[in-house]
Amino acid sequence: MPELPEVETVARGLALAWEGRRFTRVEARRPDLRRPLPVDLAQRLVGARVTSVGRRAKYGFVATDRDDMLVFHLGMSGRMRIDPPEIDRHDHILFTTDDGRTVAFNDARRFGSLDLVAADALESLPGIAGLGPEPLGADFTPAVLAAAREGRVTPIKSLLLDQRVVAGLGNIYVCEALHLAGIHPERMAGTLSDAEVERLVPAIVQVLEAAIAAGGSSLRDYVQLDGELGYFQHQWRVYGREGDACRECGGAVARVVQAGRSSFYCGACQR
DNA sequence: CACGATACCTGTAAGC
DNA sequence: TGCTTACAGGTATCGT
């Protein structure tokens, strides 16, 4: 589920549920996520009022009227469930607010994480320090990507997954953006022309904005807090469509494994 | 140093 | 039907 558009969707849902509310109860049911949960998570959060919810790359953050800021990452299988009808074994943390509602942080694979940091230390948190520009921000320009690709002998697919180059893309949206830009995932990054870089940057922006507008992509579970499915998966151009017809030319979508991840592409449209 | 491979953990689906 | 295997949205770490 969670690349930038899915995390953005979750953050917007949390903002609606939490901004202005106070935590009345926080229950850590299982502390061993990717990193151990802070042992004093509950006592530091209960009584705090949420002032804002935001996102940086694939991290969500929740600012409060205290110095503690909640920072979460959904890993591969993380989600937030609001007022779950029943608690299941993967609901690792339960947050109850002063309106009586409960949000469950659910993560079957436990690749996700949740930390409390001082508000002014967000940028130095491991994982956030060193992140590249936000792809939907003003800092992500063709000139920046052109410089990042210079001399690189790694495939463009791998370069775009490097969070130090641009922060927030994952396997799905890299495949989608490369198809939209007409660039083959196995092209060595350093061989991209300026014209290709000029196409790639707006392709990334377009794909991400469309995905956010659709509420993200759902594979086998919902992504939105209220249980609604994101529906961007119906608009996938190539991801998960091996053997199916390319929506542009009708040719078969191909799959190749790069650095252990599946890449989907059209060999006719992408060069 | 810049790569790719591997490990982390669980669920699901496909193959036999 | 039941068992085994491959694969899955991410990222930190470890070799080469």
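Protein chains get the first letters and strands the later ones, always in sequence-line order, with residue 1 at the start of each. Note that these values count all heavy atoms, side chains included, but never hydrogens, waters or copies made by symmetry.
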Trainee: Could you work out the separation of B:dT12 and C:dT11 based on their P atoms and round it to a whole Å?
Mentor: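 Result for the P pair: 23 Å, nearest Å.
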
Trainee: Does A:Ser262 make a side-chain N or O approach to OP1 or OP2 of C:dA8 shorter than 4.0 Å?
Mentor: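 Yes, A:Ser262 has a side-chain N/O under 4.0 Å of OP1/OP2 on C:dA8.
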
Trainee: Under the side chain to side chain donor-acceptor pair (under 3.5 Å) rule, collect the residues that match up with A:Thr102, sequence neighbours excluded.
Mentor: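 With neighbours one apart ignored, the set is A:Thr96.
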
Trainee: Are B:dC9 and A:Phe111 stacked, with the base six-membered ring and the side-chain ring centres under 5.5 Å apart and planes under 30°?
Mentor: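 No, A:Phe111 does not stack on the base of B:dC9.
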
Trainee: Determine the Euclidean distance between corresponding P atoms of C:dC3 and B:dC9; express it in Å to zero decimal places.
Mentor: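 That atom pair is separated by 25 Å.
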
Trainee: For A:Arg109 and C:dA6, what is the distance between atoms CZ and P respectively, to the nearest whole Å?
Mentor: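 Result: 16 Å.
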
Trainee: Quick one: A:Arg110 CZ to C:dT11 C1', roughly how many Å, whole number?
Mentor: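 Going from A:Arg110 (CZ) to C:dT11 (C1'), I get 16 Å.
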
Trainee: Which sits closer to the 5' end of DNA chain B, A:Gln258 or A:Arg164, going by the nucleotide each is nearest to?
Mentor: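 Taking each residue's closest nucleotide, the earlier one in sequence belongs to A:Arg164.
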
Trainee: Output the rounded distance in Å from CZ (A:Phe264) to P (C:dC7).
Mentor: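 In whole Å, C:dC7 P lies 11 Å from A:Phe264 CZ.
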
Trainee: Which one, C:dG10, C:dA8, B:dT10, comes nearest to the side chain of A:Arg255?
Mentor: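 Selected nucleotide: C:dA8.
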
Trainee: Kindly say if A:Arg89 contacts the phosphate of B:dG11, meaning a side-chain N or O under 4.0 Å from OP1 or OP2.
Mentor: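 For B:dG11, OP1 or OP2 has a side-chain N or O of A:Arg89 closer than 4.0 Å.
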
Trainee: Taking ring-ring contact (aromatic ring centres under 6.0 Å, His included) as the cut-off, I'd like each qualifying pair that reaches into residues 39-62 of chain A, sequence neighbours left out, listed once.
Mentor: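 For residues 39-62 of chain A, and leaving out neighbouring residues, the ring-ring contact (aromatic ring centres under 6.0 Å, His included) pairs sorted by first residue read A:Tyr59-A:His73.
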
Trainee: For A:Lys157, what residues pass the side chain to side chain donor-acceptor pair (under 3.5 Å) criterion, not counting sequence neighbours?
Mentor: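 Side chain to side chain donor-acceptor pair (under 3.5 Å) list for A:Lys157, sorted by chain: A:Asn171, A:Ser263.
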
Trainee: Using the side-chain contact (heavy atoms from CB on, under 4.5 Å) criterion, which residues pair with A:Arg66? Sequence neighbours excluded.
Mentor: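 Partners of A:Arg66 under the side-chain contact (heavy atoms from CB on, under 4.5 Å) test: A:Ala48, A:Thr64.
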
Trainee: Under 3.5 Å, which protein N or O atoms sit close to an N or O of nucleotides 12-16 of chain C? Give each pair with its distance.
Mentor:
from   : atom 1 : to      : atom 2 : distance (Å)
C:dA12 : O4'    : A:Arg34 : NH2    : 3.2

Trainee: Looking at the side chain of A:His90, which of B:dG11, B:dG4, C:dG10 is the nearest nucleotide?
Mentor: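 Selected nucleotide: B:dG11.
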
Trainee: Can you measure A:Leu159 atom CG to B:dA2 atom P for me and round it to whole angstrom units?
Mentor: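 From A:Leu159 CG to B:dA2 P: 12 Å.
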
Trainee: In chain order, what residues pass the salt bridge (Lys or Arg N to Asp or Glu O under 4.0 Å) check against A:Glu242, with sequence neighbours excluded?
Mentor: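 Expected list: A:Arg255.
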
Trainee: If you measure from the P atom in C:dA12 to the same atom in B:dG11, how many Å do you get, rounded?
Mentor: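 It works out to 24 Å between them.
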
Trainee: What stems show up for DNA chain C when you take Watson-Crick pairs (N1-N3 plus N6-O4 or O6-N4) and G-U wobbles (N1-O2, O6-N3), both under 3.5 Å, and require three or more consecutive pairs?
Mentor: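 As far as DNA chain C goes, consecutive pairing (with distances under 3.5 Å) yields the stems B:2-8 with C:10-16, B:10-16 with C:2-8.
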
Trainee: Please list, chain by chain and in numerical order, all residues satisfying ring-ring contact (aromatic ring centres under 6.0 Å, His included) with A:Phe105, sequence neighbours excluded.
Mentor: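 Testing A:Phe105 for ring-ring contact (aromatic ring centres under 6.0 Å, His included), a comparison that skips the adjacent residues, returns none.
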
Trainee: Round to the nearest Å and state the distance from A:Leu33 atom CG to B:dC8 atom C1'.
Mentor: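 Distance, rounded to whole Å: 13 Å.
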
Trainee: Indicate, with a heavy-atom threshold strictly under 4.0 Å, whether A:Pro5 touches base, sugar-phosphate, or nothing.
Mentor: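 A:Pro5: no heavy atom of the nucleic acid under 4.0 Å.
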
Trainee: Counting only side-chain heavy atoms from C-beta out, which of B:dA2, B:dG11, B:dG4 sits nearest to A:Thr154?
Mentor: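 Among the listed nucleotides, the one closest to the side chain of A:Thr154 is B:dG4.
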
Trainee: Taking the hydrophobic residues Ile, Leu, Val, Met, Phe, Trp and Tyr, and joining any pair whose side-chain heavy atoms are under 4.5 Å apart, which ones share a cluster with A:Val144?
Mentor: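 For A:Val144, no cluster forms, as it stays isolated from other hydrophobic side chains.
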
Trainee: Without decimals, in angstroms, what is the distance between A:Asn171 CG and C:dT11 C1'?
Mentor: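 In whole Å, C:dT11 C1' and A:Asn171 CG are 13 Å from each other.
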
Trainee: Using the benzene-type ring in the case of Trp, are the ring centres of A:His184 and A:Tyr265 under 6.0 Å apart?
Mentor: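 Yes, ring centres under 6.0 Å apart.
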
Trainee: Same cluster or not: A:Leu161 versus A:Leu208, using hydrophobic residues (I, L, V, M, F, W, Y) connected whenever any side-chain heavy atoms lie under 4.5 Å apart?
Mentor: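 Yes.
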
Trainee: Starting at CZ of A:Arg261 and ending at P of C:dA6, how long is that distance when rounded to a whole Å?
Mentor: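 Roughly 19 Å, once rounded to whole Å.
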
Trainee: With heavy atoms under 4.0 Å as the rule, sort A:Gln163 into base, sugar-phosphate or nothing.
Mentor: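 Result for A:Gln163 = sugar-phosphate.
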
Trainee: Send over the distance from A:Leu161 CG to B:dA2 P, rounded to a whole Å.
Mentor: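 Computing the A:Leu161:CG to B:dA2:P distance gives 18 Å.
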
Trainee: Is the distance between the ring centroids of A:Phe95 and A:Trp18 under 6.0 Å?
Mentor: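 Between A:Phe95 and A:Trp18, the centre distance is under 6.0 Å.
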
